[in-house]
Chemist: 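Here it is, the structure, as structure tokens.
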Amino acid sequence: MREIIIKAFGYLEPVNEVCLQELHNLCSSWYLDENIFRLEDNGLHIYHEGEYFPHEDITEILAKYLQQESLGKLDIIDYEAWTLQRYFFEFSYQKEEDLKKGKIYSRSSSLDHALEASQEKNGSVIIK
């Protein structure tokens, strides 16, 4: 059994089948199980544990599908680096020009300070 270095979990709603297919294609190119992404009703659920997770590529895809009513987040826990990175999918947190470039607001911190990093946008939000 391989060591779990990265844990990723989150959700985004609403999402459609086209987005899901694009994510499955990405997983295929990274040799990851496409079951990382599960579509239920109108929402996308994300869960993965493993050695790596292409979160930058994934958020680039998800940026294309954000809309006014979008809600969600994606947490990436890196046990090796001892960090938490949270991506915020709420449309009002984004800049339209950044979404066009595939960028989504995120915040990073040490796992020792994960509670503060997981708070909603307040202060030093970093654009990834």
Chemist: Would you name the heavy atoms of Ser70 and Pro14 that are closest together and state the gap between them?
Modeler: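 What the structure gives for the nearest pair is CA-CD, 4.0 Å.
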
Chemist: What's the separation between atom CG in Leu62 and atom CD in Glu22, rounded to the nearest 0.5 Å?
Modeler: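 Answer for the CG-CD pair, Leu62 versus Glu22, is 9.0 Å.
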
Chemist: Do Ile36 and Phe53 touch side chain to side chain, with heavy atoms closer than 4.5 Å?
Modeler: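 Result yes, sub-4.5 Å side-chain heavy-atom pair found.
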
Chemist: Any link between Leu71 and Leu44 through a network of hydrophobic side chains (Ile, Leu, Val, Met, Phe, Trp, Tyr) touching at under 4.5 Å?
Modeler: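 Different hydrophobic clusters.
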
Chemist: Between atom CD of Glu51 and atom CD of Glu80, what is the distance when rounded to the nearest 0.5 Å?
Modeler: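 The CD atom of Glu51 sits 9.5 Å away from the CD atom of Glu80.
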
Chemist: Taking all heavy atoms of Ile76 and all of Ala8, pick out the closest pair and write down the distance.
Modeler: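 Looking at all heavy atoms of both residues, the closest pair is CD1-CB, 3.6 Å.
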
Chemist: Should the ring pair Phe89 and Tyr87 be called parallel, tilted or perpendicular, given that the plane angle runs from 0 to 90° and is split at 30 and 60?
Modeler: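 The arrangement is parallel - the two ring planes meet at less than 30°.
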
Chemist: Restricting to non-hydrogen atoms, name the atom on His24 and the atom on Glu34 that form the minimum distance, rounded to 0.1 Å.
Modeler: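 So the two residues come closest at NE2-O, 3.2 Å.
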
Chemist: Just wondering, do Phe88 and Arg107 contact through their side chains at under 4.5 Å, heavy atoms?
Modeler: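 Touching, per the 4.5 Å side-chain cut-off.
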
Chemist: Taking atom CD of Glu69 as the centre, report whether more than 12 heavy atoms of other residues, nucleotides or ligands fall under 6.0 Å from it.
Modeler: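 Yes, the 6.0 Å shell around CD holds more than 12 heavy atoms from other groups.
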
Chemist: By the definition side chain to side chain contact (heavy atoms under 4.5 Å, CB included), identify the one residue from Asn16, Leu20, Leu23 that meets it with Leu39.
Modeler: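 Filter result, single survivor: Leu20.
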
Chemist: Is there a side-chain contact between Lys73 and Phe9 in this structure, where contact means two heavy atoms from C-beta onward sitting under 4.5 Å apart?
Modeler: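 Contact flag for Lys73/Phe9 side chains = yes.
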
Chemist: Less than 4.5 Å apart, side chain to side chain, heavy atoms only: is that true for Asp78 and Gln85?
Modeler: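 When only atoms from C-beta onward are counted, Gln85 and Asp78 do not touch, as no gap falls below 4.5 Å.
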
Chemist: Looking at Asn35, I'd like to know if its CG atom is crowded, meaning that more than 12 non-hydrogen atoms belonging to other residues, nucleotides or ligands lie closer than 6.0 Å.
Modeler: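 Atom CG in Asn35 is crowded, with more than 12 foreign heavy atoms closer than 6.0 Å.
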
Chemist: Is there a continuous path of hydrophobic side-chain contacts, each under 4.5 Å between heavy atoms, that joins Trp30 to Ile61?
Modeler: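 The answer is yes; both residues are in one hydrophobic cluster.
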
Chemist: Just verifying a value: how many Å separate Glu90 CD and Gln68 CD, rounded to the nearest 0.5 Å?
Modeler: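 Output value for this atom pair is 10.5 Å.
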
Chemist: Tell me whether Tyr52 shares a hydrophobic cluster with Leu26, the cluster being built from Ile, Leu, Val, Met, Phe, Trp, Tyr side chains joined at under 4.5 Å.
Modeler: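 Same hydrophobic cluster.
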
Chemist: Applying a strict under-4.5 Å side-chain criterion to I, L, V, M, F, W and Y, I'd like to know whether Tyr11 and Ile6 cluster together.
Modeler: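 In one cluster: no.
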
Chemist: Taking the side chain as every heavy atom from C-beta outward, state whether Ile104 and Leu99 have any atom pair closer than 4.5 Å.
Modeler: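 Result yes, sub-4.5 Å side-chain heavy-atom pair found.
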
Chemist: Side chains of Pro54 and Leu32: does their closest heavy-atom pair fall under 4.5 Å?
Modeler: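 Pro54 reaches Leu32 side chain to side chain.
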
Chemist: If you count the non-hydrogen atoms of other residues, nucleotides and ligands that lie under 6.0 Å from CD in Glu97, is the total more than 12?
Modeler: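 Above 12, so yes.
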
Chemist: Provide the closest heavy-atom pair for Lys103 versus Gln94 in the form atom of the first, atom of the second, distance.
Modeler: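 Taking Lys103 first and Gln94 second, the nearest heavy atoms are O-OE1, 4.1 Å.
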
Chemist: Rounded to the nearest 0.5 Å, how far does CD of Gln67 lie from CG of Leu12?
Modeler: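 Atom-to-atom, Leu12:CG and Gln67:CD are 8.5 Å apart.
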
